[in-house]
Amino acid sequence: MVARGTTVVAEQTAYEGNFRDIAAQCLQRLPFARDDRFTYACDGHTFTFLIYQGYAFCVVATEAAGREVPLAFLEMIKEDFNKRYAGGKAATAAANSLSRDFGPRLKEQMQYCMDHPEELSRLSKVKAQVSEVKGIMMENIDKVIDRGEHIDGLVTRTEQLHEQAADFRQQGTRIRRKMWFQNMKVKLIVLGIVVALILIIILSICHGKCH
């Protein structure tokens, strides 16, 4: 089911029962002020809703299906619906006026989800992880802004750190070069002392033989 606010514009069901009435009652209680997800349980079934930009996407499933597969299905339906009616047709559509056009697509996606539950479960987990990372990033950005650390300031500090790193590398190169020269100087002094000792020993031996 797809609804604009509380007006159902497209739906598809292959089962008998009062699912449609229960979904309509749940729809009346949904808060459309923000994008969100909701799940209601009734008589061994779950009614899962995905709210996005004033539209509600709903699917009814057995409780055994869990939460991941229904949510993955709704994400697929949301993307497909937005692509198909991006021109604004959905904004003025009358009640159930899109069922004939979009209903077969709902049925097709339902069948795909029932045939590939594991794939849908993995897709849902990946999207949940992406949403979690996005939420953490947004929270961190909000914290930075709350502390008054604006983006310009962060860029400036980044450039300063880059310059400091460059200076540090140059200083490190100069220090290594200086230590290399000092090390060579010590080696040359030691070598000179060793050569002088060898010469003294040789001269002493020669002097003794001469006498």
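All values below come from the heavy atoms of this structure, side chains included, with hydrogens, waters and symmetry mates left out. Note that the numbering runs from 1 along the sequence shown for the chain.
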Margin query: Under a 4.0 Å threshold between the charged nitrogen and the carboxylate oxygen, would Arg37 count as salt-bridged to Glu75?
Written below: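 Yes, this pair counts.
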
Only counting residues at least two apart or in another chain, list the ones meeting side-chain hydrogen bond (donor to acceptor under 3.5 Å, both in side chains) with [X].
X: Arg34; value: Asp36
X: Asn18; value: none
X: Ser97; value: none
X: Gln25; value: none

With sequence neighbours left out, what residues match [X] under side-chain contact (heavy atoms from CB on, under 4.5 Å)?
X: Ile200; value: Ser204
X: Thr46; value: Thr39, Thr48, Ala61, Glu63
X: Ile193; value: Ile189, Leu197
X: Thr92; value: none

Check: In chain order, what residues pass the ring pair (Phe, Tyr, Trp, His ring centres under 6.0 Å) check against Phe81, with sequence neighbours excluded?
Finding: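 Applying ring pair (Phe, Tyr, Trp, His ring centres under 6.0 Å) to Phe81 gives Tyr55, Phe57, Tyr85, Phe102.
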
Notebook entry, point to check: Would Phe73 and Leu50 satisfy side chain to side chain contact (heavy atoms under 4.5 Å, CB included), going step by step from the backbone distance to the final call?
Noted result: CA-CA 10 Å; Phe73 166 78; Leu50 174 64; over 6 Å; no

Next item on the list: Mind listing the closest non-hydrogen atom pair of Ile51 and Leu30 along with its distance?
Entry: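 Closest approach of Ile51 to Leu30, heavy atoms only: CD1-CD1, 3.6 Å.
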
Next item on the list: Output all residues satisfying salt bridge (Lys or Arg N to Asp or Glu O under 4.0 Å) with Arg105, sequence neighbours left out; order by chain, then residue number.
Entry: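 If we apply the salt bridge (Lys or Arg N to Asp or Glu O under 4.0 Å) test to Arg105, skipping adjacent residues, the hits are Asp80, Glu108.
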
Check: Just by distance, do the side chain of Arg4 and the backbone of Val9 share a donor-acceptor pair under 3.5 Å?
Finding: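 No, the answer is negative, given that no donor and acceptor are paired below the 3.5 Å cut-off.
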
